[in-house]
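To start, the structure itself, in structure tokens.
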Amino acid sequence: MKQFEWLAIFCALSLAAMGNAHKPNIVYVLCDDLGCGEVGYNGQEMIQTPQLDALAAKGMRFTAHYCGSSVCAPSRGSLMTGKHPGHGYIRANSPGYPNGQTPIPADSETLGKLMQRAGYKTACIGKWGLGGEKPDGTLNYGFPTKQGFDYFFGYADQRRAHNYYPAFLWRNEEKVQLGGKVYSHDLMTEEALKFVSENKTRPFFLYLAYTIPHTKYQVPDLGQYADKDWPEKMKIHAAMTSRMDRDVGRLMQQLEKLKLSENTLVIFNSDNGAHGEQGSEKFFNTSGELRGIKRSMYEGGVRSPMFAYWPGTIRAGTVSDHMSAFWDMLSTFSELTGEPVRGDTDGISMLPSLLGRPQPQKHDYLYWELYERVPNQGVRMGKWKGVVVDRRKGQKIELYDLTADEGEQKDLANEYPEVVERIRQAMNDSHEPSPLWDKSFPDRMFNVDAARNASGIANEKQVFAKVPSDWKWVSRDGTVSHSSLSAEWGVPHNHTLLTTMEGKQSFHTDAEKAPWVIIDLKQAQPVVGLEILNRPDGHAGRTRNLHVWISTDGKNWQQVFKTDKAERQWLVDLHQPKQARYVKIGLVNSEPEYFHLKGVKVFAEKH
């Protein structure tokens, strides 16, 4: 047997018996929306990631490691709790829930709790997104300091994490006021460096959840991309990613300086596939040769650019095709520390693969389900990949052979019906009904009332004024022709303009000054009123200073309504019909961090 193999086996057998002084530190770096193709070690040529490339070359790359889900909150929930999306408490981002995400239950087993029991100092720095602040300002049980982390610095509410210049960040259970003037990523790096230095004499677990390269596109400087002949947003995208790469390098240098590197396992991952905004998917080929992006069940939506680095323990320059996922991390850390998992987990320890040994256990398959825009499903079963694009249309499974068709271009479902049925059975066996998420639930497949009740938040009774019976809804077939974010995002865009199944126009945007949107009624007609619904959660107060204008030509505008009150519903009565083809709705002299109109209806008089 080779010397390295003896070392690996000895290391694995000895870890549980070691004293705290010798237990390995763990640094888990999680990026936000980083596609498999956005890093040099996976073939990226335009965005420079030299620090990550060097670490991947000196560590072990995983070519079949998968995210917990293809969008933020359920993926992070899977990582923390060791459960796949069919068993997870969180199965999508929570629309309409106050102050961010539905909190994971108080008694959840988490990576933080396990590592605390194992004698580690634990820190979550960056984006949490699994619970936070109640509408009354108190903290719910999903907050990171209540879920196993001794120290927290960052965003509790994932929606606030869209803005890199926030009004505040949390330090433990207190707000650090920043006034929108400091780049949050830089603060996270400094906090991470400080945490490592302060805990150099004891075992620590650092969960460094960077928000790069999630949009908005914001960066202090363009760095080496300033003179590139690229669109401005692509320069920013590249500069953000290279800044993150630089700072991972700074963290590694800190570990070396403190002589901790050989006793520290570093794992690098992304929470889901590339976001693809602004045409970045094609410009940078952010998914590489894989199909799909964030929210997709194709490989580009769920496969992660994972590598692990542990000098002297993980063999340099190795590649593993072990099929694994985020929900394996709880079991992996359990075996690594000798601390048992409390409760159920869907995971299998990856430690044998990390140490270059055969895996005594392997997954028969990996399973995902998601409830964002469309309810979809995915299964990886050996070389096979099964995808259901929209469960509301039935469980029609597309089948791909990843060994011959990694880009998932040729659907083989008709050629291998027996494989399709095995995948269908796996999907059905893996799905447990959730009281919060279901494809049949109205309003984005999420039961917000059940979520509020489960977390102890009283449901507010909504009493809306009735629309006059002689008003005719005329914007049902209208289109959103333009918005204040058109230049930045393009129209339509998932964070800008949404149309509900009922035909209501909905406006949803991140931090922006004085946002507005224009609805085109397709032809001029006598407009008599509007019904405008504010967002239905604890952030409704941000939507104030509301103004409405109308126009027949889209150039000359007449203001017909304004208010500085944040209501749940504005029923705008023009009293006399006014000829208009275009209706413009916006905020004036306002600076909301998050602006969302749940629904807008424009009415004319019935004849």
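Side chains included, hydrogens not; waters and symmetry mates left out as well; all remaining heavy atoms used. Remember, it's a predicted structure, so these values are computed and weren't measured experimentally.
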Side chains of [X] and [Y], donor plus acceptor under 3.5 Å:
| X | Y | result |
| --- | --- | --- |
| R380 | Y66 | yes |
| D328 | T332 | no |
| Y400 | R291 | yes |
| S184 | Y155 | yes |
| H237 | E277 | no |
| Q409 | D405 | no |
| S434 | Y371 | no |
| T286 | E281 | no |

Donor-acceptor under 3.5 Å ([X] side chain, [Y] main chain):
| X | Y | value |
| --- | --- | --- |
| Q359 | S353 | yes |
| T122 | D150 | yes |
| D247 | T189 | no |
| Y298 | G407 | no |
| N140 | G132 | yes |
| Q44 | F284 | yes |
| N263 | L260 | no |
| S304 | S270 | yes |
| S287 | L290 | no |
| S242 | Q48 | yes |

- For N453, does the CG atom have more than 12 heavy-atom neighbours from other residues, nucleotides or ligands under 6.0 Å away? yes
Is there side-chain contact between [X] and [Y], with at least one heavy-atom pair below 4.5 Å?
| X | Y | result |
| --- | --- | --- |
| F149 | F205 | yes |
| L208 | C124 | no |
| P85 | L370 | no |
| N447 | D438 | no |
| H275 | S280 | yes |
| R76 | K127 | yes |
| M297 | E408 | no |
| R159 | N93 | no |

Describe, in one word, how the ring planes of [X] and [Y] are oriented to each other, choosing from parallel (under 30°), tilted (30 to 60°) and perpendicular (over 60°).
| X | Y | result |
| --- | --- | --- |
| F62 | H65 | perpendicular |
| W327 | H84 | perpendicular |
| H185 | Y210 | tilted |
| H162 | H214 | parallel |

- Salt bridge flag under 4.0 Å for residues R117 and E109: yes
- Message: Taking the basic N atoms (NZ, or NE/NH1/NH2) and the acidic carboxylate oxygens, is any pair closer than 4.0 Å for R303 and E406?
- Response: yes
Spatial distance of atom [atom1] ([X]) from atom [atom2] ([Y]) [nearest 0.5 Å]:
| X | Y | atom1 | atom2 | value |
| --- | --- | --- | --- | --- |
| D32 | D271 | CG | CG | 4.5 Å |
| S70 | E299 | OG | CD | 11.5 Å |
| I314 | K58 | CD1 | NZ | 13.0 Å |
| N42 | N285 | CG | CG | 11.0 Å |

Exercise: identify the closest heavy-atom pair between [X] and [Y]:
| X | Y | answer |
| --- | --- | --- |
| N376 | V388 | CB-O, 3.1 Å |
| Y141 | A106 | CD1-N, 3.5 Å |
| V374 | D390 | CG1-OD2, 3.8 Å |
| V39 | P305 | CG2-CB, 4.3 Å |

- Result for side-chain contact (heavy atoms from CB on, under 4.5 Å) between C67 and one of C72, S78, S75 points to S75
- Assess the pair F446 and W437: is the distance between their ring centroids shorter than 6.0 Å? yes
- Query: Would a line drawn from the ring center of F153 to the ring center of F195 be shorter than 6.0 Å?
  - Reply: no
- side chain to side chain donor-acceptor pair (under 3.5 Å) between D33 and N272, intermediate numbers included: CA-CA 5 Å; D33 293 0; N272 46 249; 2.8 Å; yes
